[in-house]
Amino acid sequence: MNNNLHIYNTLTRTKEKFEPINAPHVGMYVCGPTVYGDAHLGHARPAITFDIVFRYLKHLDLKVRYVRNITDVGHLENDADEGEDKIAKKAILESLEPMEIVKYYTDRYHRNMDQLNVLHPSIEPTASGHIIEQIELIKTILDNGYAYESEGSVYFDVEKYSKDYDYGKLSGRKLEDLLENTRVLAGQAEKKNSFDFALWKKTDPRHLMHWPSPWSEGYPGWHLECSAMGAKYLGETFDIHGGGMDLLFPHHESEIAQSNACRGHDPVKYWMHNNMITIDGQKMGKSLNNFITLDEFFSGDQELLEKPYSPMTIRFFILQAHYRSTVDFSNEALHAAEKGMKKLFNTIELLDKIVPSEKSSIEVEHFEKKFYEAMDDDFNTPIAISHLFDLSKLVNQVNDGKETLSDIDLEFVKNLYDVFVFDVLGLVNEEEKGDDQLVGQLMDTILNLRKDAKLNKDWSTADKIRDELGKLNIKIKDTKDGAEWSQ
RNA sequence: GGUACCGUGGCCGAGUGGCUAGGCGGUGGUCUGCAAAACCAUAGACGGCGGUUCGAAUCCGUCCGGUACCUCCA
């Protein structure tokens with residue numbers, strides 16, 4: 001397929017035509033979760049954003065290798081003092097093995113992702129499984145003179161690096177500014193400059209996770225894992241690197257620096273960053289302690305939630321905003337997403353009932369074109385979805401006899417929804433009737449009894465059946481062609 | 001303080017110079033024994049001020065308000 005995809009590249013701050021380095025192969029790396037807590041709504045954003053990228057690239061017949069890491073080693077919590085490892089810290093508090101926690105939260109993360117219908121990445125490497133690669137990387141950077149050892153730890157020499165390369169090219173930061181702004185902070189005696197970041201950190205007695213290295217018993221710096229694993233599985237230069245905007249600096253900036261210090265060139269062609277989800281206008285995040293976990297959304301068991309919201313409602317809600325915009329959480333907005341998505345699926349179900357006409361009064365190819373235009377324009381899912389709604393309105397009018405669709409066009413529309421809604425947008429109709437045959441037959445029997453009652457104008461019986469089924473969470477819809485039910 | 005970004009109708013949210021965004025909600029209608037659902041129709045907007053232009057939500061200036069990053073964060 002001929003692609004006309006344009007991607008907004010954070011590196012150049014412009015939309016660029018997407019030209020894979022080794023077409024039809026595409027390498028994509030996305031920063032995954034740190035597994036020391038349950039996934040919240042904020043984690044769903046990049047997962048779904050890059051799931052769409054993954055799905056759409058595959059739809060364009062590109063061969064994508066999608067790598068999403070699991071950070072299980074932990075980040076430096078505070079460069080200024082002991083540099084605590086987050087995962088280890090929680091382990092002490094809970095008296096569990098660190099790897100026990102990692103396993104527990106990784107499993108829960110995977111379950112949430114499955115619920116959101118996020119496709120599994122091609123490779124999901126862990127930081128702890130690539131300590132050797134990270135140590136090799138540090139050695140090379142040391143050999144190339146862009147790092148120095150200090151008291152058993154190794155730091156990246158940003159000032160030295162800046163003489164040969166542009167530190168700040170991604171985030172737009174200038175070294176002088178960094179210097180001014182960080183100089184005030186507490187004395188970090190080990191480092192030459194406050195903005196130098198750790199490549200290897202010597203462990204302290206409170207740490208549970210540490211590994212031997214030429215410099216000390218310790219653990220790798222946070223930015224290193226992505227450099228090591230990206231290069232290992234996607235090559236020294238690959239196509240797309242994604243992550244949240246909050247990772248832009250220092251994480252991604254430092255990744256670029258590490259690659260250059262090591263290999264003399266940038267690691268990535270297109271940098272993509274999703275924006276944040278806000279709550280009351282503020283970023284939803286761990287540090288602000290204002291997050292709602294995905295499980296809480298699904299169960300509705302959280303004081304801020306008026307009701308449970310299904311995984312697909314969350315997915316649709318996120319897709320209704322462009323990935324580079326912030327999206328504000330509210331019950332009203334989620335409710336709107338829920339209703340809107342339902343409307344879309346009603347149309348899709350309706351398609352099976354429509355009787356084709358001789359000729360079409362609608363030009364259906366138009367909608368296919370519009371959908372691709374929207375997706376090609378930096379994955380503009382809200383626009384793509386708006387076209388699906390427009391088409392939906394027309395399909396409803398066909399059902400009302402105001403518009404017509406030919407045999408061929410009807411199939412075209414069905415296929416269009418199949419491909420766009422299910423394959424590309426990755427939505428699933430959660431209201432699907434149970435495929436249990438017995439239940440179906442039982443429901444038919446019950447609805448027939450109710451039909452008889454209605455024919456006899458026995459409204460109290462008819463209403464009782466409806467109410468009793470309602471208590472079982474089964475909804476009855478009286479349509480022109482008889483009653484329908486759904487769970 | 002530095003850097004980047006945003007301010008669109010009751011709510012969410014697209015849109016970069018002229019052409020209906022879309023969804024939810026509201027209102028009116030169709031259908032129905034009633035209700036719900038569904039469907040159709042419809043109103044309402046571009047933070048303030050100034051400028052550029054035949055014409056600005058869209059460009060420029062300014063003011064006001066908000067956010068993110070600079071420390072772990074998706």
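A note on names: the letters A, B, ... follow the listed sequences, proteins ahead of strands, and every chain is numbered from 1.
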B:C19: pairing nucleotide in any strand, Watson-Crick or G-U under 3.5 angstrom:
none

If we take the C1' atom in both B:G29 and B:C64, what is their distance in whole Å?
44 Å

Rounding to the closest angstrom, what is the interatomic distance between B:G7 and B:C46 at atom P?
14 Å

Mind checking who B:G33 pairs with, Watson-Crick or G-U wobble, both distances under 3.5 Å?
none

Suppose you measure atom P in B:C24 against the same atom in B:U62; what distance do you get, rounded to whole Å?
41 Å

Which whole number of Å gives the distance between the P atom of B:A45 and that of B:U53?
28 Å

If we take the P atom in both B:G26 and B:A68, what is their distance in whole Å?
33 Å

Under 3.5 Å for both donor-acceptor distances, Watson-Crick or wobble: does B:A41 have a partner, and if so which one?
B:U27

Using a 4.0 Å heavy-atom cut-off to protein, can you give one letter per nucleotide of nucleotides 33-39 of chain B, 5' to 3': B if the base is in contact, S if only the sugar-phosphate is, - if neither?
BBBBSSS

On RNA chain B, does the nearest nucleotide to A:Ser386 precede the nearest nucleotide to A:Gly42 from the 5' side, or the other way round? Give the residue.
A:Ser386

With distance as the sole test, does A:Ser310 use its side chain to make a donor-acceptor pair with the main-chain N or O of A:Thr313 at under 3.5 Å?
yes

With sequence neighbours left out, the residues meeting side-chain contact (heavy atoms from CB on, under 4.5 Å) with A:Glu468 are A:Lys464, A:Lys471

A:Tyr309-A:Phe298 aromatic ring centre distance below 6.0 Å
no

Base, sugar-phosphate alone, or nothing: which one does A:Met245 contact when heavy atoms must sit under 4.0 Å apart?
nothing

Close side-chain approach of A:Gln258 and A:Leu199, heavy atoms under 4.5 Å:
yes

For A:Glu365, give me all partners under side-chain contact (heavy atoms from CB on, under 4.5 Å), at least two apart in sequence or on another chain.
A:Glu363, A:Phe412

Within the structure shown, what part of the strands sits under 4.0 Å from A:Ile277 by heavy-atom distance: base, sugar-phosphate, or nothing?
base

Can you check the distance between B:A21 and B:U58, where both ends of the measurement are the C1' atom (answer in whole Å)?
15 Å

Hey, does A:Leu247 reach any base, or is it just sugar-phosphate, or nothing, if we go heavy atoms under 4.0 Å?
sugar-phosphate

Ring-plane angle category for A:His252 and A:His273, please: parallel below 30°, perpendicular beyond 60°, tilted otherwise.
tilted

Take atom C1' in B:G48 and the same atom in B:U8, then report the distance between them in whole Å.
15 Å

In whole Å, what separates the C1' atom of B:A57 from that of B:G44?
15 Å

Run A:Arg466 and A:Asp463 through salt bridge (charged side-chain N to carboxylate O under 4.0 Å, His left out) and show every step you take.
CA-CA 5 Å; A:Arg466 186 171 64 194; A:Asp463 289 349; 3.3 Å; yes

Report each atom pair, protein N/O against N/O of nucleotides 4-8 of chain B, whose distance is under 3.5 angstrom.
none

Please report whether the ring centroid of A:Phe156 lies less than 6.0 Å from that of A:Tyr167.
no

Passing candidate, salt bridge (charged side-chain N to carboxylate O under 4.0 Å, His left out) with A:Asp378, options A:Arg324, A:Lys15, A:Lys17
A:Arg324

Would you please indicate if the ring centroids of A:Tyr372 and A:Phe420 are separated by under 6.0 Å?
yes

Going by the rule side-chain contact (heavy atoms from CB on, under 4.5 Å), which residues pair with A:Thr347 if we only count those two or more places apart in sequence or in a different chain?
A:Ser392, A:Val395, A:Asn396, A:Tyr417

Taking the six-membered ring for Trp, is the centroid-to-centroid distance between A:Phe50 and A:His241 below 6.0 Å?
no

For nucleotides 10-14 of chain B, tabulate all protein N/O to nucleotide N/O atom pairs closer than 3.5 Å, reporting atom names and distance.
| residue | atom | partner | partner atom | Å |
| --- | --- | --- | --- | --- |
| B:G13 | OP1 | A:Thr326 | O | 3.4 |
| B:G13 | OP1 | A:Asp328 | N | 2.8 |
| B:A14 | OP1 | A:His322 | N | 2.7 |
| B:A14 | OP1 | A:Ser325 | OG | 2.8 |

